[in-house]
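Every chain is numbered from 1, with letters handed out A, B, ... down the list of sequences. Model, not experiment: these values are computed from the prediction.
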Amino acid sequence: MPELPEVETIVRDLQRLVTGATMKDATVLRPDLIEGEAGSLEAELPAARIDSIDRRAKNIIVSLSKSRRGADHLVINLGMTGRVLVLAGSDADPPHTGVIIGLKDGRKIVYQDVRRFGRLELLSAGEWRARSDSLGYEPLSDEFTAEALHELAKKSKVAVKVWLMDQKRVVGVGNIYASEAMFRAGIDPRKSAERLTKAEAKRLQASVREVLLEAINFRGTTLMDYRDAAGEKGEFSRRLRVYDREGEPCVTCGKKVERVVQGGRSTFFCPSCQK
DNA sequence: AACGCGCCCTGTCCGC
DNA sequence: TGCGGACAGGGCGCGT
């Protein structure tokens with residue numbers, strides 16, 4: 001479900017809502033959501049203060065201090081259907097609640113996940129740094145230049161849309177925004193990454209940044225499950241130009257949007273506008 | 001070693 | 001109405 005714009009929206013919500021809060025207790029209802037020991041997570045979180053909240057790739061990074069053993073980062077990956085909700089302590093826990101973190105101020109942070117593809121993990125600063133180092137370019141950072149994208153792309157024969165979704169290369173772009181970025185760049189998603197021209201690399205780099213920034217401004221895309229930390233839907237869905245629009249007219253040329261399967265995932269594109 | 005595929009899991013939708 | 005199959009914002013581990 002969540003790609004960079006959705007995770008970024010949740011992170012900004014959490015920054016505003018729970019920075020500086022102290023955890024009181026943690027309850028794990030679905031142990032399979034925890035990477036490592038659920039019991040140790042329940043033991044480590046109480047009394048931890050939330051110092052800051054950040055995003056890296058599609059991960060939410062909650063930086064903690066005063067945790068008993070010095071495990072510094074709670075790393076949350078939402079998988080397909082994960083949600084992080086800040087609720088009043090008296091609110092009922094929603095269906096498929098997996099983890100409840102009570103705060104000393106009476107509120108609670110609830111992790112909810114229907115399909116349970118998401119993961120919560122407690123990592124030391126060093127462990128987190130190593131993990132972060134293994135991930136690719138942040139597309140909204142200054143390091144993500146057209147030249148960098150072009151050089152990386154030259155090394156791979158994979159179809160460029162599939163290439164774009166690999167988190168070891170460029171992070172944060174999932175199935176929706178990959179199709180959208182390819183459309184905006186006017187590039188056939190089936191084209192091999194190594195065959196991208198310099199001009200195409202430049203257009204793709206600009207399109208990735210542009211679509212992600214626009215989607216953040218609309219608080220992400222809700223197709224079915226995505227919600228922000230207050231439980232609200234994202235509004236970018238109506239702005240999608242090709243995703244989930246098979247058979248509908250291309251917004252640019254009017255020809256029918258097509259769907260193909262790449263790497264087991266649907267790709268949507270306009271065969272006339274994308275060469 | 002890069003790459004492609006199956007799998008994790010629950011819910012929804014569509015065709016018969 | 002019911003039922004089976006396909007599919008859904010991600011990512012890991014496997015075999016080649």
When rounded to whole Å, the CG to C1' distance for the pair A/Asp32 and C/dG11 reads 15 Å
What is the distance from CG of A/Asp166 to P of B/dC5, rounded to the nearest Å? 15 Å
Considering only [options], which nucleotide approaches the side chain of [X] most closely?
{"X": "A/Arg116", "options": "B/dC3, C/dG10, B/dC9", "answer": "B/dC9"}
{"X": "A/Gln167", "options": "C/dG11, B/dT10, C/dA8", "answer": "C/dG11"}
{"X": "A/Val158", "options": "B/dC3, C/dG10, B/dC9", "answer": "B/dC3"}
{"X": "A/Lys157", "options": "C/dG10, B/dC3, B/dT10", "answer": "B/dC3"}

Between the side chains of [Y] and [X], is the shortest nitrogen-to-carboxylate-oxygen separation below 4.0 Å, so that they form an ion pair?
{"X": "A/Arg239", "Y": "A/Glu214", "value": "no"}
{"X": "A/Glu194", "Y": "A/Lys157", "value": "yes"}
{"X": "A/Glu180", "Y": "A/Arg241", "value": "no"}

Pairing partner of B/dC9 (Watson-Crick or G-U wobble, both distances under 3.5 Å): none
Review item, side-chain donor-acceptor pairs of residues 250-263 of chain A, under 3.5 Å, at least two apart:
{"residue": "A/Arg259", "atom": "NE", "partner": "A/Ser266", "partner atom": "OG", "Å": "2.8"}
{"residue": "A/Arg259", "atom": "NH2", "partner": "A/Ser266", "partner atom": "OG", "Å": "3.0"}
{"residue": "A/Gln262", "atom": "OE1", "partner": "A/Thr267", "partner atom": "OG1", "Å": "2.7"}
{"residue": "A/Gln262", "atom": "NE2", "partner": "A/Pro189", "partner atom": "O", "Å": "3.3"}

Between A/Glu121 and A/Glu127, does a side chain to side chain contact (heavy atoms under 4.5 Å, CB included) hold up when you go through it step by step? CA-CA 11 Å; A/Glu121 190 172 12; A/Glu127 288 168 334; over 6 Å; no
With a 4.0 Å cutoff (strictly under), does any side-chain N or O of [X] reach OP1 or OP2 of [N]?
{"X": "A/Ser266", "N": "C/dA8", "value": "yes"}
{"X": "A/His96", "N": "B/dG11", "value": "yes"}
{"X": "A/Asn175", "N": "C/dG10", "value": "no"}

When you compare B/dC7 with C/dG5, how far apart are their P atoms, in angstrom units rounded to a whole number? 15 Å
Touch check for A/Arg30, heavy atoms < 4.0 angstrom, all strands: base, sugar-phosphate only, or nothing? nothing
Any base atoms under 4.0 Å from A/Lys155, or only sugar-phosphate, or nothing? Heavy atoms, all strands. nothing
For A/Phe117 and C/dG11, say yes or no: do the ring centres fall under 5.5 Å of each other while the ring planes differ by less than 30°? no
